[in-house]
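Reminder, nothing fancy here: chain letters follow the sequence lines and each chain counts from 1.
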Protein chains: 2
Amino acid sequence: MPPPRKSEAPAFIRSTADFARHVGLARTTVSRVLNGQPGLKQKTIDRVQKALAETGFTPNAHALHLKGKRTSMIGICVEDLATPPALRKLAMLQRVLRARGFSSLIEVCTPGAGRDVVRHFQSLRVEGVVFIGHFLREEIEARIAELNAHGTPHVVVDHFGLRNAHTVALDRAAGMAAVVEHLLDLGHRRFGLLGIGKGPVSRIDRPTGVQAALRGRRLDPATCTVTLDHLHERKNDFDFGRRLAASFVALPDRPTAFLGLNDEIAIGAQRGFQEAGLRVPRDLSVTGFNNQDICQMTSPTLTTVDQGIEATVEAAAELLLAQLGKPLPARPVVRTIVPRLVLGESTGPVRG
Amino acid sequence: MPPPRKSEAPAFIRSTADFARHVGLARTTVSRVLNGQPGLKQKTIDRVQKALAETGFTPNAHALHLKGKRTSMIGICVEDLATPPALRKLAMLQRVLRARGFSSLIEVCTPGAGRDVVRHFQSLRVEGVVFIGHFLREEIEARIAELNAHGTPHVVVDHFGLRNAHTVALDRAAGMAAVVEHLLDLGHRRFGLLGIGKGPVSRIDRPTGVQAALRGRRLDPATCTVTLDHLHERKNDFDFGRRLAASFVALPDRPTAFLGLNDEIAIGAQRGFQEAGLRVPRDLSVTGFNNQDICQMTSPTLTTVDQGIEATVEAAAELLLAQLGKPLPARPVVRTIVPRLVLGESTGPVRG
DNA sequence: GGTATAAACGGACAGCTGTCCGAGAAAAAG
DNA sequence: CTTTTTCTCGGACAGCTGTCCGTTTATACC
């Protein structure tokens with residue numbers, strides 16, 4: 001369509017100038033109304049408000065920001081939008097930020113794409129960036145260095161052990177320790193690890209918690225734990241758990257309790273054992289991790305660990321927003337969230 | 001901190017001017033490099049590129065847009081971030097849009113908040129808005145009218161029957177008809193409806209499909225279907241299904257097949273029946289809707305209906321992006337997606 | 001070393017906003 | 001009707017970008 005002449009009403013109202021023409025006032029007058037400045041006749045104010053309600057006109061946020069207004073946008077990097085716990089964090093973070101007046105720019109960050117994503121956030125002059133999930137270590141560290149160079153605050157959720165990164169991380173060791181102690185109390189002494197590596201990587205990793213709980217009872221982790229992860233392609237899903245269970249069924253001196261890396265694996269394993277004719281928790285116990293909705297939907301319901309997502313996200317938001325305006329803290333802040341054991345029907349005493 | 005003097009290097013590089021000072025070139029020269037204009041010495045180009053890589057500087061996207069560059073942002077209104085199917089749509093939509101060079105601005109749109117959300121999108125001059133999920137009818141219609149007034153394209157996903165709204169909707173009637181026909185083939189003649197209302201609202205609603213399938217076999221929907229929804233607080237979740245099942249167990253002339261509104265309800269019902277000592281599918285059949293991951297995790301696995309989320313989202317993106325630039329089509333476009341029956345172990349022949 | 005050419009410089013402008021300010025118009029007061 | 005007060009008008013500016021263009025400086029050629 002041809003561009004409308006200055007005198008005509010434009011096809012769409014895109015600027016304050018357009019809007020002022022539509023109302024029949026000067027642009028500056030309209031602007032004063034919009035910004036609540038004094039010295040205006042009530043009648044004029046009403047006229048503008050009415051047109052505002054009718055047309056739904058909004059000043060160009062980009063121009064506002066150019067004038068110095070805050071963007072009130074937070075960039076969120078998520079590793080993918082398929083992992084339920086990550087999604088729950090995302091959803092809650094969005095809510096928390098929204099409540100504090102920020103809008104969320106969400107981008108999925110596949111390996112290698114982090115650079116572009118963060119650049120995009122920077123170009124939009126977001127006020128902070130949150131990383132949720134696990135990323136390549138070098139990549140995320142490079143991103144954070146870039147953010148620091150621009151004075152942009154950041155928080156990393158659930159990726160522990162990064163240098164110079166403000167982090168909120170779940171103490172998975174504490175969660176696993178609680179699970180193991182619960183099972184020890186029930187008399188279990190041999191544990192099958194499903195997707196949980198044997199060697200601890202950091203002080204808050206799952207294997208650390210398993211070992212700590214066992215050592216606390218003067219038990220040797222090496223002899224008390226068994227893993228068959230190497231037998232199957234590792235996928236961390238339902239089917240992986242089921243295949244692991246099938247392998248464990250035939251094992252001589254089979255463990256009596258099975259610790260799943262997550263709920264999917266645990267439920268898969270539970271299913272696998274049931275298909276082999278074993279009963280849970282009569283013949284063996286199974287535990288998960290994350291406390292997803294599905295834990296309540298299986299039979300038996302699953303004993304699992306609740307991440308305390310709310311606490312995690314609250315801490316992350318607080319940590320991020322505390323950096324706004326202030327110069328960045330010299331040393332990285334690390335906050336740890338302690339999860340909570342959730343008892344289900346899938347754990348029971350060792351059959352004597 | 002005090003504002004740096006013009007001559008000094010600024011604390012952070014925020015503008016092309018800052019960046020040019022940092023490199024030691026004129027702002028215009030840098031700008032020419034950034035935009036690939038000819039007539040520049042290779043040495044100069046390299047110098048700028050190097051500094052660019054080192055500092056990670058990005059031109060202010062807001063200023064770019066002010067100069068006429070597209071924002072490449074799509075606003076997405078989602079009813080909540082808890083419903084798994086809605087989340088899957090969101091995740092895939094994000095991916096599809098990203099592949100076409102758009103970034104997604106995601107906002108949760110609780111009843112009554114739609115106005116602010118859409119205003120916010122408008123103020124950011126998004127190029128289009130997608131609504132995912134179910135909203136209050138008047139509210140979403142008002143929002144769409146506002147968008148039209150500004151020439152902003154839109155697409156509504158999964159909210160059928162709106163006037164003047166471009167829509168992509170799942171033909172739930174076809175899905176339910178497929179389910180019912182499958183069960184009819186297995187010999188079932190009495191159907192328990194779990195969370196599915198009896199009266200159809202639109203031609204693609206679930207009850208419509210149930211009735212159509214029954215009438216297709218000369219059966220009377222009124223006598224073939226039973227619902228006990230009124231006995232329980234309606235929540236559309238696992239527990240609702242379980243409570244419904246408990247009520248059905250005691251019912252004289254109990255149906256032999258149960259149709260769940262969604263997978264959660266179906267799995268809850270399945271669990272409820274199992275707790276009452278009934279076996280699925282030997283004693284009765286159960287079906288869900290949505291084909292969520294959990295359907296494969298229950299025992300027996302659930303017969304359900306796949307939404308064809310990929311097709312839905314592709315259609316939505318296509319419909320939205322087709323409107324870009326062009327004047328808005330006078331008549332609303334409605335595209336219907338036909339879902340697909342997914343057989344599980346929860347359905348079987350009527351026990352003779 | 002002188003000149004022709006290539007390249008960088010730097011001022012100006014538009015795009016949209018909010019704010020300031022002097023000038024002009026409308027309303028109120030006398 | 002005149003004077004005073006109260007509003008509105010409209011031009012200017014900054015904020016950041018890309019582009020244009022005339023000017024100055026650096027490079028290359030002879």
Asker: Which comes earlier along DNA chain D counting from the 5' end, the contact point of B:Arg32 or that of B:Asn35, where each point is its nearest nucleotide?
Answerer: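 It is B:Asn35, whose closest nucleotide lies nearer the 5' terminus.
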
Asker: Nearest 0.5 angstrom please: B:Asn60 CG to B:Leu66 CG, how far?
Answerer: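 Going from CG on B:Asn60 over to CG on B:Leu66, the span is 9.5 Å.
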
Asker: For A:Thr16, which contact category applies under a 4.0 Å heavy-atom criterion: base, sugar-phosphate, or nothing?
Answerer: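 The residue A:Thr16 makes sugar-phosphate contact but no base contact.
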
Asker: Do A:Ser31 side-chain atoms and A:Thr28 backbone N/O form a donor-acceptor pair below 3.5 Å?
Answerer: no

Asker: Of B:Asn60 and B:Lys41, whose closest DNA chain D nucleotide lies nearer the 5' terminus?
Answerer: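 Mapping each residue to its closest nucleotide by heavy atoms, the 5'-most match is B:Asn60.
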
Asker: Can you list, by residue number, the residues of residues 64-72 of chain B that have a non-hydrogen atom closer than 4.0 angstrom to DNA chain C?
Answerer: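 Listed by number, they are B:Leu66, B:Lys67.
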
Asker: Using a heavy-atom cut-off of under 4.0 Å over every strand shown, decide if B:Ser15 touches base, sugar-phosphate, or nothing.
Answerer: sugar-phosphate

Asker: Quick one: do the A:Glu127 and A:Thr152 side chains pair a donor with an acceptor below 3.5 Å?
Answerer: no

Asker: Taking CZ from B:Arg47 and P from C:dA7, how many angstroms apart are they, rounded to a whole number?
Answerer: 14 Å

Asker: Between P on C:dG10 and CZ on B:Arg21, what's the gap in Å once rounded to a whole number?
Answerer: 12 Å

Asker: Side chain of B:His154, backbone of B:Phe131: donor and acceptor closer than 3.5 Å?
Answerer: no

Asker: If we ignore hydrogens and angles and just use 3.5 Å, is the side chain of A:Gln323 paired with the main-chain N or O of A:Leu319 as donor and acceptor?
Answerer: yes

Asker: Is it the case that more than 12 heavy atoms not belonging to B:Arg119 sit under 6.0 Å from its CZ atom?
Answerer: yes

Asker: Check the phosphate of C:dC9 against B:Thr29, side-chain N and O only, distance under 4.0 Å to OP1 or OP2. Yes or no?
Answerer: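 Yes, within the criterion.
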
Asker: DNA chain C: B:Arg125 or B:Gly39, which has the more 5' nearest nucleotide?
Answerer: B:Gly39

Asker: Could you tell me how the ring of A:His65 sits relative to the ring of B:His62: parallel (under 30°), tilted (30 to 60°) or perpendicular (over 60°)?
Answerer: tilted

Asker: If you find the nucleotide of DNA chain C closest to A:Ala63 and the one closest to B:Lys43, which residue's nucleotide is nearer the 5' end?
Answerer: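 Closest to the 5' end, via its nearest nucleotide, is B:Lys43.
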
Asker: Identify the two heavy atoms, one from A:His166 and one from A:Val333, that lie closest to each other, and give their separation to 0.1 Å.
Answerer: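 A:His166 and A:Val333 have their closest heavy atoms at ND1-N, 3.0 Å.
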
Asker: Which label fits B:Phe19 and B:Phe57: parallel for a plane angle under 30°, tilted from 30 to 60°, or perpendicular past 60°?
Answerer: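 Answer is parallel, since the angle falls under 30°.
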
Asker: Quick one: B:Leu25 CG to C:dG10 C1', roughly how many Å, whole number?
Answerer: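 Computing the B:Leu25:CG to C:dG10:C1' distance gives 13 Å.
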
Asker: Rounded to the nearest angstrom, tell me the gap between atom CZ in A:Arg27 and atom P in C:dC21.
Answerer: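 Distance check: A:Arg27 CZ to C:dC21 P gives 16 Å.
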
Asker: Under 4.0 Å from any heavy atom of chain B: name the first and the last nucleotide of DNA chain D that qualifies, 5' to 3'.
Answerer: D:dC16 to D:dT27

